[in-house]
2 protein chains.
Amino acid sequence: MTGSDERNGTVAPAPGRKARRVKIADIASAAGVHPSTVSRVLRADPRGRISESVAERVREMAKTLGYRPDAVAASLRTGSTQTIGVIVHDIEDPVYPPILRGIEQRLLERGFMTVVGNTGYDPHAEAEMFEQMANRMVDGVILGTTRLQDPVVQRAQELGVPLVSVLRSTEHLECSAVVNDCASGMRELVDAVVAHGHRDIAVIAAPQDLSTARDRLSGLRAGLAAHGLEVPEERLFTVERMDVEAGRRAASTLLERRPDPPQVIMAVNDLVAIGAIQACRARGLRVPDDISITGYNDIPLVDMIDPPLTTVAMNLSEIGMRSADCLLDRLSAPEAEPQLTRVRPELRLRESLATIGR
Amino acid sequence: MTGSDERNGTVAPAPGRKARRVKIADIASAAGVHPSTVSRVLRADPRGRISESVAERVREMAKTLGYRPDAVAASLRTGSTQTIGVIVHDIEDPVYPPILRGIEQRLLERGFMTVVGNTGYDPHAEAEMFEQMANRMVDGVILGTTRLQDPVVQRAQELGVPLVSVLRSTEHLECSAVVNDCASGMRELVDAVVAHGHRDIAVIAAPQDLSTARDRLSGLRAGLAAHGLEVPEERLFTVERMDVEAGRRAASTLLERRPDPPQVIMAVNDLVAIGAIQACRARGLRVPDDISITGYNDIPLVDMIDPPLTTVAMNLSEIGMRSADCLLDRLSAPEAEPQLTRVRPELRLRESLATIGR
DNA sequence: TTGTAAGCGTTATCAC
DNA sequence: GTGATAACGCTTACAA
């Protein structure tokens, strides 16, 4: 029974299906006014002032007839769909859901809907998806798959499609971006690692064509440099994809290569860190007694794994909301200069990082 | 450079912005044919057969001018947006991303886009969201928030909007649904619990207005009955929301109520189970030495927590794909009878379930 | 095989 | 204040 009273007055469509949809013209003739008047009333158009009596009658009629505006027709006329597109690599990657939630929440407040597309890490799919969305279905795009040089960003400029990059940015900030402040997060993490007595540090990084991966590595190096340390060549490894399996393989390689394991493995993200933990265990190392591991992201449940993972928590839903704000700004001011917004993350110290007696 | 050759022939819009968008009429006059001919060529309309020479010329022109079809205009004309809506409670709930991925993947293959909406567990938001989507923006809806009696399902019928329920179903199958086979999953789990020697079993269930919650509880009872067991009133608890916090509170209450803890707590899902683990620990109980815990869902990382959680893995992406298939079927055959599809889950035995010596 | 013309439902811009 | 009218860009009978 909840909410059913909201539909009071709605004429149930005759059981003989497919009741023709009520349109503005129907309301107009029922209320004895012109369609344009109805339109003005329903959109509360501030220009054409309508007498309250007519407005009342029209609203009444609209409700009685069960009028539902046709968003497609309105879009064709106005050139705006009140919809924005979000492109992500893989919605199962735990960084995306909180971002999407932030985006969606903010957009909904402003009357926008959100269409989502997965690329499955395929640049071709990404381009294709963008084209589809750009074909007038969306008013703008939030790109969560941005590479340092990204053809999609360029294409968006060609087409004049408002675009904001989220989570990553392009090399020369060709478009506005809202990112995590990876460098500062990494520095805090490095400070903690060093403060725990670690000196022999191995790193599992990711391909440097992603700004996140690059910022994390450079932040890490900067942090170490501040302590007079560095990452020797043979302690630096790279994964192609940032998942558990890749982390496991990289850590295995890492542990094979030298007889003595490092004191700590700093992974480019939590999934890779988890893979590293598994690889260490597989070789009989205890974590964190024999070797410490750090991640990045603080994805759900990493505080519950064994051992709880030391990591850096991005403020993902905030990043999402900011990117939505940013896109909405661009819709109203398309010519504005691209802006880079950095959202600060927070260090999460947990048991996977042990203190080393010196 | 990848893929840029695909845009060969595209005339870069003059730097003097806002190049008017190329439309079918432009191609028509450029190619010296009628717009309708262009339309037929571009949609590869099988009826109006076009001479290959004209077709060739038109395609050529379209490419040269950088034509991009206007999806909105086409939708207004055809009445189809090639878009479907998915409504979920909270995209951060880990059950949804794999489902969305399955849905999106399948729909994309068939040329559909996916718009997603979060309700935040608010029935009013759910109804609102459905109305928005139904206002001609989508060809159909996949509902992931279905309650046993769901006004949205009824509303979809009124409006003639094709709708498929995913993950849950309505009481009397008013619409097609693709669900996990909760009952059979629970039975398998109960068999395992009993086989491990447990007899004193506490249950944290969820409100029975969700079909999943109901099916799990009835499956659990049926499973126990098969072993001549039951859940006494004082061992049955209910959480309002299925998250960690609620699980923690329920388990605390449970442990307070009787001096002796049960041998095992079977939680309605993994998050609740994790809350239960935390509550047990907070009261000084070791898991699984002093008390066993089981979950349901096998969300990411529950195999990595301490202790690894015994649970049941739904086949979520398959559920997603099937629901997409089901919706597409309904688009072509709207009058078909509602179908219930059950997808079988798999038991995941892990350390959180200990063997009890008898 | 191709052209003609009539919309799809809405809103913007005029007039009155 | 309200009405008339013309698009928005595309598709599709129907004609030729």
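Only this structure's heavy atoms are used, side chains among them; waters, hydrogens and symmetry mates stay out. To find a chain, count down the sequence lines: A is the first, B the second, and so on, and within it residues start at 1. Owing to the predicted nature of the structure, the values given are computational and were not obtained by experimental measurement.
- When side chains are defined from C-beta on, A:Tyr67 does not count as touching A:Asp26, because their heavy atoms never get closer than 4.5 Å.
- We find that A:Glu158 and A:Arg155 are joined by a salt bridge, their nearest charged nitrogen and carboxylate oxygen being less than 4.0 Å apart.
- A donor and an acceptor atom never sit less than 3.5 Å apart when one is taken from the side chain of A:Arg77 and the other from the base of C:dA12.
- Here B:Ile24 lies in heavy-atom contact (under 4.0 Å) with sugar-phosphate atoms only.
- Mapped onto DNA chain C by nearest heavy atom, B:Ser51 and B:Leu76 fall at different nucleotides, with B:Ser51 at the one closer to the 5' end.
- Looking at heavy-atom distances under 4.0 Å, B:Thr37 makes contact with sugar-phosphate atoms alone, never a base.
- Heavy atoms of B:Val54 sit under 4.0 angstrom from primed sugar atoms or phosphate atoms, though from no base atom.
- When rounded to the nearest whole Å, the span between NE2 of A:His34 and C1' of D:dT5 equals 8 Å.
- Regarding B:Asp70, its CG atom lies at a distance of 11 Å from the P atom of D:dC8, rounded to whole Å.
- For the pair A:Ser39 and C:dT11, the criterion of a side-chain N or O lying under 4.0 Å from OP1 or OP2 is met.
- Salt bridge status for A:Arg106 with A:Asp325: present, with a side-chain N to carboxylate O gap under 4.0 Å.
- Here B:Arg57 does not pair with B:Glu60 in a salt bridge; the nearest charged N to carboxylate O distance is not below 4.0 Å.
- The distance between atom CG of B:Asp26 and atom C1' of D:dC8, rounded to the nearest whole Å, is 14 Å.
- When the P atom of C:dT11 is taken as reference, atom CD1 of A:Ile27 falls 11 Å away, rounded to whole Å.
- Comparing atom distances between the B:Lys23 side chain and each of D:dG3, C:dT4, D:dC10 picks out D:dC10 as nearest.
- One interatomic measurement links the two molecules: CD1 of B:Ile50 to C1' of D:dT12, which rounds to 13 Å at whole-angstrom precision.
- Going from atom OH of A:Tyr67 over to atom P of C:dG9 covers 10 Å, rounded to whole Å.
- Looking at A:Arg40, its side chain comes within 3.5 Å of the base of D:dG3 through a donor and an acceptor atom.
- In this structure, A:Arg136 atom CZ and D:dC8 atom P are separated by 10 Å, rounded to whole Å.
- Contact annotation: the side chain of B:Met133 approaches that of A:Met113 to within less than 4.5 Å [non-hydrogen atoms, C-beta and beyond].
- Rounded to whole Å, the distance from CZ on B:Arg57 to C1' on C:dT2 is 12 Å.
- Here A:Ser36 lies in heavy-atom contact (under 4.0 Å) with a base.
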